[in-house]
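On a predicted model such as this, the values are computed, not experimentally measured, just so you know.
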Amino acid sequence: MSQATILCVEDEVEIREMIVEELGFAGYTVLQAGDGVEALALFDAHHPDLVITDVGMPRMNGFELLAAVTGRKDGLEDTPFVMLTALADRQNQIQGRTLGADDYLTKPVDFDLLLATVAARLAKRARQAGAVQPIAGPAPSGILDRLAACARQQQPTRLTLVKIDSYLVLSLRMDAAARSALQRQVEQHLQGLAEEGSVSLYGEGLWALIERADVPGDAYRCYRERQPVEGAALAMPFTASVLSIDLDWRNPVLTRLAPPALMESLALNLTFESLQQPRRRLSLGPEAYQLLESVRFAEHNLPEAIRSGALQLVFQPRVRLADRRVVGAEALLRWPGASIGALSPGCFVPAAERAGYAALLDRWVIDSLLRAMQQLFASAPDCVVSFNLSAASLDSDVPRYLLTQLDALGPERARRLEMEITETSMARLDDDILDAIDRLRRQGMRLAVDDFGVGYASLTYLKQFRTEVIKIDRSFVTGLAEEGIDRHIVEGLVGLARGLGCEVVAEGVETADQARILAQLGCHQAQGYYFYQPMPLADFRQLLESQP
């Protein structure tokens with residue numbers, strides 16, 4: 001069975017990376033481009049078996065790329081095209097079909113549907129060419145059968161996944177012989193750690209195995225240091241990330257996670273973690289089962305939850321420490337009615353980011369929040385409401401969308417809105433994003449840095465952003481009542497904020513002692529369960545109206 005080459009063309013980096021990873025898991029060789037100009041050059045050089053392209057892109061859009069390929073006379077003009085777009089209107093689809101598009105999928109990307117579409121198009125093309133077997137990814141690995149057998153026998157299992165870091169980039173530099181040498185090298189090492197016959201190539205650059213009981217704890221240490229590919233003509237050292245999980249098949253959650261779903265969740269988890277920090281060594285136990293199930297549920301069901309109104313905003317009041325008066329709130333996301341139980345944003349927000357739904361989710365938050373603020377202004381015109389914007393949305397159209405909504409809100413009310421971004425995301429912002437944020441602030445909106453003190457932002461970033469609000473992370477508030485380092489850190493952060501002319505808000509206040517010490521250290525405002533728990537909009541309005 002031959003291996004297909006897919007060309008993925010998408011100008012939004014986050015979405016493109018997710019598509020590339022999904023196709024890689026399915027066994028395809030993937031090329032990627034940021035617009036039609038780059039894609040056309042790759043098409044000429046590699047003659048891909050299928051093209052997945054966004055419609056709206058700079059320089060050369062998807063329609064123009066499609067027209068350039070279908071206009072060829074070299075036998076490649078029939079290459080299948082799958083078009084992606086956030087615009088589901090009929091005229092858009094008619095234009096694509098007229099130009100020769102084979103399929104038309106809307107964003108956010110449904111990866112199951114995308115993979116099924118790709119497989120079907122490649123199979124049809126192979127049949128038309130008279131091939132004995134369709135072009136597809138590798139055959140399903142035997143690891144799923146082994147896991148199913150362990151589940152039936154309720155045999156405790158230690159499952160491990162090993163993923164080559166940045167495999168796509170590495171493989172583009174390798175010839176076929178080097179890729180084969182890398183595969184043999186990794187498999188030989190893993191076979192020494194696995195139960196007999198349980199090592200499986202689960203996707204490109206990704207292996208799965210069932211470990212023997214006597215495997216030492218440092219068995220995967222070799223992957224943390226760069227090592228050469230044995231026998232390769234060029235020196236191309238590689239590292240790998242590893243995820244291991246102990247499976248107790250008696251746990252009821254695992255009865256709902258069939259082996260294919262379990263493997264999918266683990267592979268996505270490892271891929272997402274290693275993208276942010278390579279050379280990872282992750283170990284999971286029974287406490288992770290529920291999270292794996294929840295994340296997989298979120299990845300498959302979040303778009304429908306957004307469309308159907310299953311999500312809701314709640315509001316955690318923010319108090320002024322000097323007099324304990326409620327002066328604002330933070331809008332928080334909840335998914336209370338999921339069929340597997342209530343899901344926390346700590347589960348479904350990261351799932352939205354890695355599945356390409358972050359922008360869709362943030363637009364829903366913006367719309368819902370602005371509707372709520374119309375009611376809040378009637379109860380308390382001076383109330384300030386903050387909301388979190390995903391780092392993944394900062395380089396999408398969400399800042400522009402928010403700017404349009406603020407135009408309708410008006411500058412006086414826009415000044416009561418605070419956009420929170422995490423300290424770690426500040427280093428990701430380019431000039432275009434900074435310009436978009438600057439335009440938002442000219443409309444009156446304030447900027448807050450969330451989880452301050454736990455990330456990597458330098459004073460240069462704080463100076464560049466001219467932040468109005470700094471929110472001290474709850475991890476520093478927890479130990480305030482003790483005479484330790486946390487009190488000195490908070491005192492230093494408060495002093496820094498004062499020097500920058502920023503308001504200081506402490507998060508996660510749970511005791512009277514914490515509130516008292518924060519006030520002594522000069523902190524302006526605070527939020528946490530000691531004051532109020534998050535509450536529905538109606539209850540928050542009632543709280544505001546009850547104040548003298």
Side-chain angles (χ1 to χ4, degrees), residues 3-43 45-55 57 62 65 79-86 103 105 107-119 121-122 135-138 161 163-174 179 182 201-207 238 240-241 263-278 299 350-359 392 395-396 428:
Q3 187 178 69
T5 297
I6 311 294
L7 173 58
C8 176
V9 193
E10 169 63 65
D11 62 325
E12 292 191 46
V13 177
E14 199 84 21
I15 295 177
R16 186 172 73 241
E17 288 179 348
M18 296 304 171
I19 294 174
V20 168
E21 289 291 343
E22 286 288 336
L23 292 169
F25 289 153
Y28 300 112
T29 298
V30 190
L31 309 171
Q32 56 177 311
D35 58 39
V37 174
E38 293 179 18
L40 202 55
L42 288 172
F43 189 96
H46 298 280
H47 302 169
D49 299 293
L50 181 142
V51 178
I52 299 171
T53 181
D54 186 22
V55 170
M57 296 181 294
L65 173 62
T79 301
F81 264 70
V82 177
M83 312 296 289
L84 301 177
T85 180
D103 287 283
L105 304 179
K107 296 179 182 177
V109 180
D110 182 327
F111 291 118
D112 289 337
L113 180 57
L114 177 64
L115 292 176
T117 300
V118 169
R121 283 296 162 191
L122 291 173
I135 301 174
L161 278 68
K163 182 185 181 298
I164 303 299
D165 295 322
S166 304
Y167 180 78
L168 179 61
V169 175
L170 188 66
S171 65
L172 289 174
R173 298 173 56 209
M174 290 180 166
R179 286 195 293 271
L182 173 60
L201 182 62
Y202 190 71
E204 282 201 286
L206 176 67
W207 289 263
F238 70 94
S241 293
M263 285 294 295
E264 175 191 333
S265 297
L266 292 171
L268 285 171
N269 187 297
L270 179 58
T271 298
F272 189 70
E273 293 291 341
S274 62
L275 278 173
Q276 300 181 89
Q277 182 181 333
E299 288 169 341
E353 291 183 351
R354 68 190 191 187
Y357 304 144
D395 57 357
S396 69
R428 298 177 52 178

Student: Looking at side-chain heavy atoms only, is the closest gap between L270 and L206 below 4.5 Å?
Tutor: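 In contact.
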
Student: Are K163 and E21 close enough that some pair of their side-chain heavy atoms sits under 4.5 Å apart?
Tutor: yes

Student: Under 4.5 Å between any side-chain heavy atoms of Y167 and T271, yes or no?
Tutor: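 No, their side chains stay 4.5 Å or more apart.
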
Student: Taking atom CZ of R179 and atom CG of L182, what is their separation to the nearest 0.5 Å?
Tutor: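 If I round to the nearest 0.5 Å, the distance is 10.0 Å.
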
Student: Rounded to the nearest 0.5 Å, what's the gap from CD on E10 to CD on Q32? Could you check?
Tutor: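 Spacing of CD (E10) from CD (Q32) equals 11.0 Å.
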
Student: In Å and rounded to the nearest 0.5 Å, what is the CG to SG distance from L84 to C8?
Tutor: 7.5 Å

Student: Are the side chains of L31 and T5 in touch, meaning some heavy atoms are under 4.5 Å apart?
Tutor: yes

Student: With a 3.5 Å distance limit and no angle check, can you tell me whether E12 reaches the backbone of E14 through a side-chain donor-acceptor pair?
Tutor: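 No, the answer is negative, given that no donor and acceptor are paired below the 3.5 Å cut-off.
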
Student: Checking A39 now: which residues fulfil side-chain contact (heavy atoms from CB on, under 4.5 Å) with it, not counting sequence neighbours?
Tutor: L7, V9, A33, L65

Student: Taking side-chain hydrogen bond (donor to acceptor under 3.5 Å, both in side chains) as the definition, give me every residue that meets it alongside D165, ordered by chain and number, with sequence neighbours left out.
Tutor: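 Counting only residues at least two positions away or on another chain, D165 forms a side-chain hydrogen bond (donor to acceptor under 3.5 Å, both in side chains) with T239, S241.
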
Student: Do D49 and T79 pass the side chain to side chain contact (heavy atoms under 4.5 Å, CB included) test, and can you show the C-alpha distance, the side-chain angles, and the key distance before you say yes or no?
Tutor: CA-CA 6 Å; D49 299 293; T79 301; over 6 Å; no

Student: Under the 3.5 angstrom rule, does the side chain of D103 hit a backbone N or O of V82 as a donor-acceptor pair?
Tutor: no

Student: Do side-chain atoms of E38 reach the backbone of G34 as a donor and acceptor pair under 3.5 angstrom?
Tutor: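 Indeed, once roles are kept as given, a pair shorter than 3.5 Å links the two residues.
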
Student: Side-chain contact test, heavy atoms from C-beta onward, threshold under 4.5 Å: evaluate it for W207 versus L161 and give yes or no.
Tutor: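 The answer is no; the side chains never approach within 4.5 Å.
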
Student: Please name the pair of heavy atoms, one in Y202 and one in M263, separated by the smallest distance, quoted to 0.1 Å.
Tutor: OH-CB, 3.3 Å

Student: Can you list everything that forms a side-chain contact (heavy atoms from CB on, under 4.5 Å) with L115? Sequence neighbours excluded, please.
Tutor: E22, L23, A26

Student: Rounded to the nearest 0.5 Å, what's the gap from NE2 on H46 to OG1 on T29? Could you check?
Tutor: 11.0 Å

Student: Decide side chain to side chain contact (heavy atoms under 4.5 Å, CB included) for T117 and I52; before the verdict, give the C-alpha distance in whole Å, the side-chain angles of both, and the deciding distance to 0.1 Å.
Tutor: CA-CA 10 Å; T117 300; I52 299 171; over 6 Å; no

Student: Looking at side-chain heavy atoms only, is the closest gap between L50 and Y28 below 4.5 Å?
Tutor: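 Not in contact.
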
Student: Could you walk me through whether L114 and I19 pass side chain to side chain contact (heavy atoms under 4.5 Å, CB included), step by step?
Tutor: CA-CA 9 Å; L114 177 64; I19 294 174; 4.0 Å; yes

Student: Keeping R121 on the side-chain end and P80 on the backbone end, is there a donor-acceptor pair under 3.5 Å?
Tutor: no

